[in-house]
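Keep in mind it's a predicted model, so treat the numbers as computed, not measured. Order of the sequence lines sets the chain letters (A, B, ...), proteins ahead of strands, with each chain counted from 1.
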Amino acid sequence: MANDNKLQSIIGHCKEYGFIFQSSEIYDGLSAVYDYGQYGAELKKNIREYWWRSMTQMQDNIVGIDAAIFMHPTVWKASGHVDNFSDPMIDNKDSQKRYRVDHLIEAFGETLDKEKEAALLLVMNQLLEANDFAGLKQLIEDNKISCGVSGTCNWTDVRQFNLMFSTEMGSVADEANVVYLRPETAQGIFVNFLNVQKSGRMKIPFGIAQTGKAFRNEIVARGFIFRMREFEQMEMQFFVRPGTQKEWYEYWKETRMKWHLSLGISADKYKFHDHMKLAHYADMACDIEYDFPMGFKEVEGVHSRTDFDLKQHQQYSGKKLTYFDTEINQHYVPYVIETSIGLDRAVMMVLSEAYVEEDLSTEEKQDSRVVLKFPPMLAPIKLAVLPLTKKDGLPEIAKALIDECKTQFRCFYEEKDSIGKRYRRMDALGTPFCITVDHQTKEDQTVTIRYRDSMLQERIALADVKRLVLEKVQMFGN
RNA sequence: GCGGGAGUAGCUCAGCUGGUAGAGCGACAGCCUUCCAAGCUGUAGGUCGCGGGUUCGAAUCUCGUCUCCCGCUCCA
């Protein structure tokens, strides 16, 4: 319950302080679509940047690309999304339970003997292939398949939910011009596999990374920015020699977990969730789950995708997508290990982790603050410079310091209200460092630096500010 | 999609046995010149989510709709 309140508080805080707004709010909003505000955009950009540099700059054998959202429609036939990304569903009217039709029938099949089960599944698959929804409903009714909750056979019609958005390309809106908004970014990498490998003279094992928007027409999209219809993925496809996928899968599981821990988040907030039921392309798969305010939920997936995708594209395009491995003198279609993290989920994770309501009450008075304890490298604003008063030349000194620092990192200037109030405002935005310029600054060129998390203050030389902050906000220290 | 809850100022909410809106905080301007919010003065800001109905009159009653939250469901 307290966690429900925490999610509410975070959502409210995000809106009030310019991190995340609902899309089209003045028109009542658009369901499950959100906009990033002035600070949210900075935060998101910083997380993306940290991921990008971790996965490209810091790696010897991974390069980044930026593929288009639109792709040839056949891509999605080859990937299996046209056929598998839409699930026929049926509801039981009495229990209000919804089932995927294939799951419902398969579960019933397991109660039959082997022969009958096989016959049932054969019929089901034929009907699924033909998109014969009436036939599927008939099949359910003929077999008197009942709802596990209500026990009745009072079913709605079978309905289709296609999770891909589509639109038309070109001026003529006919069937031939339908294009999809990509439901995942991965295919942009697979179709460019040879382009990158050849032009970059890449040798296996190597990886291709990219970040970008993807779109899914979720039936129910909820949980703030956890499940949105338009979202951003950050993913990397690592191409390996067939047979070595197991070791690389383990390698990337571990490497990606280290990345998460490098955000300063403790290990007990994470767990791996191995997939028992694998997607059609995978031979091993797991999720990295983070303990969100609403419980452990997937933030990242690590999948061993085998050679499924490249083989499919090879088949559908008629183009060879093989690699010649000079070490073993062999042509082969590489196997792929995928790491795929939702950027918006990462934002939500970082926000959940950072958001703290602190009770600062003393015997004399009640006091509290809301503080976002972002890792400094991710904070939207790195440094606030605050003149203690707005006269006696203090603002001039403060502004000169800002001018000195703003080429390197985001700064914020504020002279209104009491110094304590300004500190608290910066806490609410997650600014890790505040510099206060006072009268003593004019005497000895020192200022007060105040730390967000500890609220401690110390006197440092004005000339050292830029270097000190730069050291603390860099992404990769020594 | 089903069930439950909610929508009034930037935020938290009051007003809801019908008579066209208030508080606290916040914001802005000024005073104070203060090293951890809540000192003083002043100002701005709301067709009460949207649409229809009942009524002389609707924030209030009623119907519809949109959005958000929770649970179920779903989730490559």
Nucleotide B/G30, atom C1' - distance to NZ of A/Lys416 in whole Å: 9 Å
Identify each atom pair where a protein N or O and an N or O of nucleotides 5-14 of chain B are less than 3.5 Å apart, giving names and distance.
residue: B/C11; atom: OP1; partner: A/Lys15; partner atom: NZ; Å: 2.6

Separation of the C1' atoms in B/C11 and B/A27, to the nearest angstrom: 11 Å
Short side-chain N/O contact from A/Ser31 to OP1 or OP2 of B/C68, under 4.0 Å: yes
Rounded distance in Å between the C1' positions of B/A14 and B/A59: 12 Å
Between B/C68 (P) and A/Met294 (CE): distance, integer Å: 15 Å
Any residue meeting salt bridge (charged side-chain N to carboxylate O under 4.0 Å, His left out) with A/Asp464, in chain and number order, not counting sequence neighbours: A/Arg467
Centroid-centroid distance, A/Phe224 to A/Tyr34, less than 6.0 Å: yes
Touch class at under 4.0 angstrom, heavy-atom based, for A/Ala32 against every strand present: sugar-phosphate
Interatomic distance where CD1 belongs to A/Ile11 and C1' belongs to B/C68 [whole Å]: 8 Å
Atom pair distance, as rounded to whole Å: CD in A/Glu415 and P in B/A27: 15 Å
Parallel, tilted or perpendicular: rings of A/Phe215 and A/Phe165 (30°, 60°): perpendicular
P-based separation of B/G30 from B/C70 [nearest Å]: 43 Å
Phosphate OP1/OP2 of B/U67 contacted by A/Gln22 side-chain N/O (<4.0 Å): no
Non-neighbouring partners of A/Pro432 that pass side-chain contact (heavy atoms from CB on, under 4.5 Å), sequence neighbours left out: A/Pro376, A/Ala379, A/Arg452
Over-ring placement of A/Arg450 relative to A/Tyr423, 6.0 Å and 45° cut-offs: yes
Letter per nucleotide, 5' to 3', of nucleotides 33-44 of chain B [B base touched, S only sugar-phosphate touched, - untouched; heavy atoms, 4.0 Å]: B-BBBB------
Between B/C25 (C1') and A/Arg425 (CZ): distance, integer Å: 13 Å
B/U47 versus B/G24 - spacing of their C1' atoms, nearest Å: 25 Å
Rounded distance (Å) that lies between atom P of B/C68 and atom CG of A/Leu7: 14 Å
Separation of the P atoms in B/G51 and B/A58, to the nearest angstrom: 13 Å
Partners passing salt bridge (charged side-chain N to carboxylate O under 4.0 Å, His left out) against A/Lys213 (at least two apart in sequence or in another chain): A/Glu230
Nucleotide B/A76, atom P - distance to CZ of A/Phe190 in whole Å: 16 Å
Pairing residues for A/Lys466 by the salt bridge (charged side-chain N to carboxylate O under 4.0 Å, His left out) criterion, not counting sequence neighbours: none
Geometric cation-pi criterion, A/Arg256 with A/Trp259: 6.0 Å, 45°: yes
Rounded distance in Å between the C1' positions of B/G7 and B/G46: 14 Å
Contacts of type side chain to side chain donor-acceptor pair (under 3.5 Å), residue A/Lys246, not counting sequence neighbours: A/Glu250
B/C63 and B/G42, which share atom name P, separated by this distance in whole Å: 46 Å
Pair pattern of RNA chain B in dot-bracket, where unpaired bases get dots and | marks partners in another strand, Watson-Crick or G-U under 3.5 angstrom: ((((((((.[[[[.)...(..]]]].(((((.......))))).....[[[[[..)....]]]]])))))))....
5'-most by nearest nucleotide on RNA chain B - A/Phe226 or A/Val33: A/Val33
Anything under 3.5 Å between a donor and an acceptor, one on a side chain of residues 338-351 of chain A, the other on a protein residue two or more places apart or in another chain? List them.
residue: A/Glu338; atom: OE1; partner: A/His303; partner atom: ND1; Å: 3.4
residue: A/Glu338; atom: OE1; partner: A/Arg305; partner atom: NH1; Å: 3.4
residue: A/Glu338; atom: OE2; partner: A/Gln237; partner atom: NE2; Å: 2.9
residue: A/Glu338; atom: OE2; partner: A/Arg305; partner atom: NH1; Å: 2.6
residue: A/Asp344; atom: OD1; partner: A/Tyr36; partner atom: OH; Å: 2.7
residue: A/Asp344; atom: OD2; partner: A/Glu232; partner atom: N; Å: 2.7
residue: A/Arg345; atom: NE; partner: A/Phe226; partner atom: O; Å: 2.9
residue: A/Arg345; atom: NH1; partner: A/Glu298; partner atom: O; Å: 3.0
residue: A/Arg345; atom: NH2; partner: A/Phe226; partner atom: O; Å: 3.4

By salt bridge (charged side-chain N to carboxylate O under 4.0 Å, His left out) - contacts of A/Lys399 (at least two apart): none
Set of residues satisfying side chain to side chain donor-acceptor pair (under 3.5 Å) with respect to A/Tyr249, sequence neighbours excluded: none
Between B/C69 (P) and A/Phe292 (CZ): distance, integer Å: 15 Å
Touch class at under 4.0 angstrom, heavy-atom based, for A/Tyr34 against every strand present: sugar-phosphate
Pairs satisfying side-chain hydrogen bond (donor to acceptor under 3.5 Å, both in side chains), at least one member in residues 16-26 of chain A, at least two apart: A/Lys15-A/Glu25
Atom C1', compared across B/U12 and B/G71: separation rounded to whole Å: 26 Å
